[in-house]
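Structure, as structure tokens:
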Protein chains: 2
Amino acid sequence: MPTMTAAQRREQARRAYDAFLRSCPTHQLLDRISDKWVGLVVSALAPGPQRYSDLARRIAGVSPKMLTQTLRALERDGLVSRTVTPSVPVRVDYALTPLGASLSGLLSAVKDWAETHFDEVHAARQRYDAAHARES
Amino acid sequence: MPTMTAAQRREQARRAYDAFLRSCPTHQLLDRISDKWVGLVVSALAPGPQRYSDLARRIAGVSPKMLTQTLRALERDGLVSRTVTPSVPVRVDYALTPLGASLSGLLSAVKDWAETHFDEVHAARQRYDAAHARES
DNA sequence: CGGTATCCGTTCCGATACTG
DNA sequence: CAGTATCGGAACGGATACCG
């Protein structure tokens with residue numbers, strides 16, 4: 001007699017798998033760089049340090065909440081440095097760390113792939129959509 | 001006199017920005033490869049073609065729903081091919097297309113970066129968490 | 001200036017049940 | 001075997017208002 005139901009076994013497998021995914025470096029990195037705003041923030045910082053409000057202006061449409069959240073996550077991972085100058089009013093500069101600059105290089109590779117193969121992907125999508133339009 | 005309120009101007013900026021993001025090839029690709037299951041499916045298919053149930057077994061914890069959804073998205077983008085053999089019972093094989101194999105190469109680059117710099121990121125996280133633990 | 005706190009709609013995804 | 005259909009909880013993120 002089994003000590004677990006099928007449902008329990010499935011749930012256990014899922015839990016083990018989730019734990020594996022969380023501990024997988026590649027998956028963690030993918031989670032980080034695929035964040036809606038991370039790519040934009042990193043590319044905004046690539047030319048050089050920027051103040052908080054500079055970033056907010058360059059990345060039109062970002063809410064303060066998401067900008068802060070993104071910057072904190074990048075800072076925690078050692079990709080971005082945060083420097084406070086206690087003047088009045090305060091001035092906060094964000095800059096890419098060497099590690100962040102290295103990530104920026106990887107992002108460029110992704111960008112190259114995307115631009116090189118975008119036409120192929122786009123053509124494939126149109127073919128697929130056309131072929132599946134009949135079935136409604 | 002302005003024809004829009006500040007709120008309307010902000011919303012318009014956000015809309016324009018969303019449209020830009022949706023049309024940006026890099027962002028589209030990032031969205032695709034960062035999907036929770038895409039990396040797993042592509043790496044499961046890298047060694048060679050697999051049947052639907054093979055994939056389900058190799059990727060423990062994936063529900064039929066997400067596996068199908070992921071495979072359909074990859075098929076639509078021309079990254080994966082789907083071959084139906086009308087035997088009884090039916091047999092369906094999935095394989096990476098040349099384009100998919102090329103993406104698999106890019107994912108390897110991501111994996112390399114992740115494994116090379118994971119220790120640095122991990123150390124940075126511990127430093128950050130330790131420094132911010134006091135403030136509760 | 002540089003954030004934080006809260007609310008709230010939307011979207012995602014796992015569980016479950018059923019089909020050709 | 002290879003899916004599809006539906007539901008509900010959780011998490012994401014935008015708007016808004018407020019603080020040091």
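All values derive from a computational prediction rather than experimental measurement. Computation of the quantities below employed the complete heavy-atom set of this structure, encompassing side-chain atoms and omitting hydrogens, waters and symmetry-equivalent molecules. Protein chains get the first letters and strands the later ones, always in sequence-line order, with residue 1 at the start of each.
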Original post:
What pairs of residues pass the salt bridge (Lys or Arg N to Asp or Glu O under 4.0 Å) test when at least one of them lies in residues 117-126 of chain B, not counting sequence neighbours?
Top reply: Asp77(A)-Arg125(B)
**OP:** Give the rounded distance in Å between these two atoms: CD of Gln69(A) and P of dG3(C).
**Re:** 14 Å
Original post:
Could you give the OH-to-P distance, from Tyr17(B) to dG14(D), as a whole number of Å?
Top reply: 12 Å
Subject >> Selection residues 101-126 of chain B - residue pairs positive for ring pair (Phe, Tyr, Trp, His ring centres under 6.0 Å), sequence neighbours left out >> reply: Trp113(B)-His117(B), Phe118(B)-His122(B)
Original post:
dC12(D) P sits how many Å from Lys36(B) NZ, rounded?
Top reply: 12 Å
Original post:
So do Arg76(B) and Asp129(A) actually touch side chain to side chain, heavy atoms under 4.5 Å?
Top reply: yes
Please list, one pair per line, the donor and acceptor atoms closer than 3.5 Å that link side chains of residues 45-52 of chain A to other protein atoms, with sequence neighbours excluded.
residue, atom, partner, partner atom, Å
Gln50(A), OE1, Arg58(A), NE, 3.4
Tyr52(A), OH, Pro64(A), O, 3.3
Tyr52(A), OH, Thr68(A), OG1, 3.1

Original post:
Which residues satisfy the side chain to side chain donor-acceptor pair (under 3.5 Å) test with Arg127(B), sequence neighbours excluded?
Top reply: none
Subject >> Residue pairs, two or more places apart or on separate chains, that pass ring pair (Phe, Tyr, Trp, His ring centres under 6.0 Å) and touch residues 20-49 of chain B >> reply: Tyr17(B)-Phe20(B)
Subject >> Rounded distance (Å) that lies between atom P of dA10(D) and atom CE of Met66(B) >> reply: 18 Å
**OP:** Please check the phosphate of dG14(D) (OP1 and OP2 only) for any side-chain N or O of Trp37(A) closer than 4.0 Å.
**Re:** yes
Original post:
Got a sec, which pairs hit salt bridge (Lys or Arg N to Asp or Glu O under 4.0 Å) with one end in residues 84-101 of chain B, sequence neighbours left out?
Top reply: Arg91(B)-Asp93(B)
Subject >> Of all pairs that satisfy salt bridge (Lys or Arg N to Asp or Glu O under 4.0 Å), the ones with a partner from residues 79-90 of chain B, not counting sequence neighbours >> reply: none
**OP:** Check the distance between dA11(D)'s C1' and Asp31(A)'s CG and give it to me in whole angstrom.
**Re:** 13 Å
**OP:** Determine, for nucleotides 2-9 of chain D in 5'-to-3' order, which nucleotides have protein heavy atoms under 4.0 Å from the base (write B), from only the sugar-phosphate (write S), or from neither (write -).
**Re:** SSS-BB--
Subject >> For atom CG of Leu67(B) and atom P of dG14(C), their distance in whole Å >> reply: 12 Å
Subject >> Axis-to-axis angle between the two ends of the helix from dC1(C)-dG20(D) to dG20(C)-dC1(D) (five base pairs per end, rounded to 10 degrees) >> reply: 50°
